[in-house]
Amino acid sequence: MTAIDAIDRRIIQATQGGLPLLAQPYQAIAEQIGLTAAEVMQRMRAMQESGAIRRIGAVPNHYKLGYRYNGMTVWNIVDDKIDELGGKVGQLDFVSHCYHRPRHLPEWPYNLFAMVHSKTEQGVKEQIAVIAALLGEFNQGQDVLYSTRILKKTGLRIGS
Amino acid sequence: MDELDKIIINHLQDGFPICESPYAQVAEQLGIAESLLLQRLQALLDEGVLSRFGPLYHAEQMGGALSLAAVAAPAEDFEKIAEIVNSFPEVAHNYARNHRLNMWFVLATETPEQLPQTIARIEQQTGLKVYNMPKINEYYVGLRLQA
């Protein structure tokens, strides 16, 4: 964990909506917040190294790329097997995110979450079958929640 | 969306350089003019094919907190509840899902203390129980969709 300072905060606020589509975007950010381009680039590199910036890049809208089936697959896994099995599920090439999360019994018995994406319903079903086979007897129940609509997708926002 | 758009989207999901003229550098790698790259990126953003383009910040690595949370919004109040939930700047993403828990959102706060406070405020304003599901362990994160 790396705490960010006041200058980092200004950089984050200036870029959290996106990078300017200008030939020299870091220069443009620097001018906006009263720094030099060199300082902005040096601090952004440092934030990338510390993990504060996960990556710089494009975030596609799944639906617009034809990925209509975005399934949050959820599984009820025997507690002492979850790290081992979670690690294996996370390694599947079609799984984009994989987490151990708390159950909320009795309504929510699932503790392993794996996101899958496909252009067809059949594709998702096949992906789920692969995960189920991998989990085997340690899987005590499962469900899949498809996203039906994006209600918000802005990414992290920090206030001023 | 044509072939060039797909090449641009796939290339830019892998990262973007930090240097004086990064678009020129990427354009050169792709064998196109910088102005064409900028024009295409603007169009992809305008059309909503790209939700955003820029740095993706990680709340936890900055000393903050991140969680996934869900509510069961009654169908007749769904839009109103979505509006309330989305009005929180701490809500980074929000998706409608086909389950009794039909609204799932990611919360990102600058400090760990703000997370339970934000959840309490969402519960207060929506009148719904928020199911908080912060990660206990992360096994993989690497979203990349082939365009």
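Every chain is numbered from 1, with letters handed out A, B, ... down the list of sequences. Because the structure is a prediction, the values reported are computed rather than measured.
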[X], part contacting chain B, at a heavy-atom distance under 4.5 Å:
X: Gln24(A); value: both
X: Ala37(A); value: neither
X: Val40(A); value: neither
X: Leu22(A); value: backbone
X: Leu92(A); value: neither
X: Tyr146(A); value: both
X: Asn111(A); value: neither
X: Glu107(A); value: side chain
X: Met72(A); value: both

Could you check which of [options] has the highest count of heavy-atom pairs closer than 4.5 Å to chain B?
options: Gly90(A), Gly71(A), Gly17(A), Ala114(A); result: Gly90(A)
options: Leu145(A), Asn70(A), Leu65(A), Val144(A); result: Leu145(A)
options: Gln48(A), Met47(A), Arg45(A), Met115(A); result: Arg45(A)
options: Ala58(A), Gly18(A), Ala38(A); result: Ala58(A)
options: Leu112(A), Leu19(A), Ile56(A), Ile53(A); result: Ile56(A)
options: Asp83(A), Ile82(A), Thr15(A), Val89(A); result: Asp83(A)

I'd like to verify something: which residue of [options] has the highest number of heavy-atom pairs under 4.5 Å with chain A?
options: Pro89(B), Ser67(B), Gly48(B), Ala70(B); answer: Gly48(B)
options: Ile136(B), Leu68(B), Leu12(B); answer: Ile136(B)
options: Ala108(B), Gly54(B), Ser35(B); answer: Gly54(B)
options: Cys19(B), Ala72(B), Pro17(B); answer: Cys19(B)
options: Ala82(B), Ser21(B), Pro134(B); answer: Pro134(B)
options: Asn102(B), Leu38(B), Ile9(B); answer: Leu38(B)

Parallel, tilted or perpendicular: ring planes of Tyr23(B) versus Phe16(B), cut at 30 and 60 degrees: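 Ring orientation of Tyr23(B) relative to Phe16(B): tilted.
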Aromatic ring pairing Trp108(A)/His99(B), orientation class (parallel under 30°, perpendicular over 60°, tilted between):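 Perpendicular: the ring planes of Trp108(A) and His99(B) meet at over 60°.
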Side chains of Tyr26(A) and Pro22(B) in contact at under 4.5 Å (non-hydrogen atoms):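 When only atoms from C-beta onward are counted, Pro22(B) and Tyr26(A) do touch, with a gap below 4.5 Å.
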Validation row: Leu107(B), Val91(B) side chains within 4.5 angstrom (heavy atoms):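 Side chain of Leu107(B) against side chain of Val91(B), heavy atoms only: contact under 4.5 Å found.
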Please state whether the side chain, the backbone, both or neither of [X] comes within less than 4.5 Å of a heavy atom of chain A.
X: Ala59(B); result: both
X: Glu79(B); result: side chain
X: Met133(B); result: both
X: Glu34(B); result: side chain
X: Phe88(B); result: backbone

About how many Å separate [atom2] of [Y] and [atom1] of [X], when rounded to the nearest 0.5 Å?
X: Lys88(A); Y: Ile131(A); atom1: NZ; atom2: CD1; value: 14.0 Å
X: Ile29(A); Y: Leu35(A); atom1: CD1; atom2: CG; value: 10.0 Å
X: Gln140(A); Y: Ile77(A); atom1: CD; atom2: CD1; value: 7.5 Å

Residues, nucleotides or ligands: over 12 heavy atoms within 6.0 Å of Lys125(A) NZ: no
Exceeds 12 heavy-atom contacts within 6.0 angstrom, atom CZ of Arg68(A):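 No, not enclosed.
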Ionic contact status for Lys80(B) with Glu83(B), cut-off 4.0 Å: no
Audit row: Arg43(A), Asp8(A), side chain to side chain contact (heavy atoms under 4.5 Å, CB included) steps and yes/no: CA-CA 7 Å; Arg43(A) 280 178 172 270; Asp8(A) 290 332; 2.9 Å; yes
Fellow cluster residues of Tyr63(A), listed by chain then number, with links counted only when side-chain atoms sit under 4.5 Å apart: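 Besides Tyr63(A), the hydrophobic cluster comprises Ile150(A), Tyr95(B), listed by chain and residue number.
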Any donor-acceptor pair under 3.5 Å from Lys81(A) side chain to Phe138(A) backbone: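 No, because the side chain of Lys81(A) does not come within donor-acceptor range (under 3.5 Å) of the backbone of Phe138(A).
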Lys64(A) (side chain) donor-acceptor with Glu47(B) (main chain) under 3.5 angstrom: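 A pair under 3.5 Å: yes.
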Between Thr111(B) and Glu113(B), a side-chain donor and acceptor under 3.5 Å: yes
